[in-house]
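Comments concern the structure below.
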Amino acid sequence: MTVLLSVQHISKGFPGVQALRDVSFDIEAGTVHAVMGENGAGKSTLMLVIAGALRPDAGQLLLDGTPLVLSGTRDAAQKGIAIVYQELMLAPNLTVAENVFLGVEPRAGGVLVDRATQRARTAATLARMGVSIDPDQRLGDLPIAQQQLIEICKSLVHEPRLLILDEPTSSLSEADALVLFRVVHDLKAHGVTVLYISHRMREVFENCDTVTVLRDGQHVRTLRLAETDQDEVVRLMVGRDLAGVQRVRPSADPRPVRLSVRGIGDGNRYRDISFDVHAGEIVALAGLVGAGRSETVMGIFGAPPPLHGTIAVEGKPVRIRRPADAMRLGIGLVPEDRKQLGLVLGMGVRANLSLSALGLGRISRGGFVRPAAEAGMVNSYVDRFRIRTPSVEQLVGLLSGGNQQKVVLAKWLATEPRMLIVDEPTRGVDVGTKAEIYGLMRDLARGGLAILVISSDLPEVLTVSDRILVMRSGMLAGELSFDEASEERIMALAALEHIGTDAAAGG
Ligand SMILES: Nc1ncnc2c1ncn2[C@@H]1O[C@H](COP(=O)(O)OP(=O)(O)OP(=O)(O)O)[C@@H](O)[C@H]1O
Ligand SMILES: [Mg+2]
């Protein structure tokens, strides 16, 4: 075996957090090497060190056996190391080609941006990736899955030897992720080494050769995936055995309808959608990314309201013009993009959690926050979700991706809604915490909360939901009861162009 990159005794600390402690392992050339670990284990920090974005406090990297000193990400790119960050870093208002060359524009005569070259090289790289996306298209008009591919295209134009992908599939459906894996396998066939971070066990076992497990900033093991199994990897990650979450048959008792939508649509991205959600019920909205699920629930939440159709809450017709109206009616929404509607990154964990709970009277009286009640509420969520933070005052923007997700979820639960809509609740969340979130959703439902959950993770959909609605191309394609539900049936409804409901039910 040839070692491409050797990580030796790397340590990195932040105020209040030792993110990496003395991490050492080798990355074999031409392999797809997974890095796994719980939220906050240090994965992204390690990747930022390797990509030249963070300087380690101690330790060194060897590339082809020679010490590698990086002055920054540009230096790393020149030395053949490229990274696709955990969060999309693209400019929605620029074109695909402009995004790909952002900051590294080819210049004609040293001054003007050479648009023709930019466009041609983008087109060539996309073609090599086997995806057909127009380089002149405005980036913001592309679905997330394609934007993710543009991020990869951006890192490939410099022909890296080592490509780092930090949770590239967390916002993709399994079908969309397949396109990405085709690209990964093709790169590997051309000798590129890939460092791959993911919380999705199955995709790691299906697509990677080796896995390095980190726990609490320390290296636990590096092992060949062919010589291990999922249970062992989970055990190495969390330091104990983890019981899988079982499906639970929904109760057959009649329950009142909490939310009822009839014929809602924006005339474009979602059309003629009708369904009910009962108190105490968890209904999943499944479908491919881009099927219109997020648009539908944002519509219900009044952001913006649908152009057609009616909505009733607890049997009474309502008009929801903006999110504040929805919240007054007891509807909470945990959005897909945690930065948009979810979190104030520049504020602390405590402030984020109490902000939305303020109106409730539980932690405030006469407009004044009651500090003891607030601290109790905040601490209980930090414990329950195992939010990993040096203190409750830590800025949310400095937490690891998965921990930010837990804060968003906790934040909306703190508003004590009667109906909760969650869009990709466990995006980027580690296996142990996922199980806790599912348990919590069940407890809440048992307490009478109605939950509508969007998820692209099929095992997740099957595990948590009592009933499944499947959307395809902006329309409801069908409904599956608890007993009918299976991954195959969901996919059949979500992906097929033309399918009669009979065929779906029989398939
Ligand atoms: N810039 C920063 N300032 C302060 N703390 C930070 C910073 N970046 C990361 N941390 C902390 O370092 C620890 C490791 O974070 P890191 O982002 O590497 O975790 P991760 O393994 O990628 O987790 P996830 O699966 O949630 O993405 C966390 O406790 C995180 O809050
Ligand atoms: Mg991370």
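Atoms within each ligand, like the ligands themselves, are counted from 1 in listed order. As the structure is a computational prediction, the values presented were derived from the model and not from experiment.
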Taking the side chain as every heavy atom from C-beta outward, state whether [X] and [Y] have any pair of such atoms under 4.5 Å apart.
X      : Y      : result
Arg138 : Thr95  : no
Ile421 : Trp412 : no
Leu195 : Leu165 : no

Please identify which atoms of ligand 1 are closer than 4.0 Å to at least one heavy atom of [X].
X      : result
Val17  : 11 (C), 12 (O), 13 (C), 29 (O)
Glu167 : 25 (O), 27 (O)
Ser44  : 17 (O), 18 (O), 20 (P), 22 (O)
Gly401 : 26 (O), 27 (O)

For [Y], is there an ion pair with [X] - N to carboxylate O distance below 4.0 angstrom?
X      : Y      : result
Arg388 : Asp430 : no
Glu232 : Arg221 : yes
Arg350 : Glu393 : yes
Asp209 : Lys188 : yes
Glu38  : Arg215 : no

Criterion side chain to side chain donor-acceptor pair (under 3.5 Å) on Ser6 and Asp26, from CA distance to verdict: CA-CA 4 Å; Ser6 183; Asp26 288 338; 2.7 Å; yes
Regarding atom 26 (O) of ligand 1: of the candidates Ser400, Gly217, Ala41, which has the closest heavy atom? Ser400
Hey, is Thr45 touching ligand 1 through its side chain, its backbone, both or neither, going by heavy atoms under 4.0 Å?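 The answer is both, backbone and side chain.
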If we only consider heavy atoms of [X], is any one of them less than 4.0 Å away from an atom in ligand 1?
X      : value
Gln404 : no
Gly37  : no
Leu399 : yes
His199 : yes

For [atom], grab the closest protein heavy atom and report residue, atom and distance to one decimal in Å.
atom                    : answer
atom 23 (O) of ligand 1 : Gly40 N, 2.8 Å
atom 27 (O) of ligand 1 : Gln86 NE2, 3.0 Å
atom 31 (O) of ligand 1 : Leu398 O, 3.2 Å
atom 6 (C) of ligand 1  : Phe14 CD1, 3.2 Å
atom 25 (O) of ligand 1 : Lys43 NZ, 2.7 Å

Nearest non-hydrogen partners of Gly30 and Thr193, listed with the distance: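 Result for this residue pair: N-OG1, 2.8 Å.
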Would Ser24 and Gln8 count as having a side-chain donor-acceptor pair, cut-off 3.5 Å?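 No, no side-chain donor-acceptor pair sits under 3.5 Å.
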I'd like to know if the side chain of Glu167 pairs up with that of Ser198 as donor and acceptor (distance under 3.5 Å, no hydrogens or angles considered). no
Below 3.5 angstrom, do we get any N/O pair linking [X] and ligand 1?
X      : value
Pro15  : no
Gly402 : yes
Gly42  : yes

Please find out if the Mg ion (ligand 2) and some N, O or S atom of Thr45 are separated by less than 2.8 Å. no
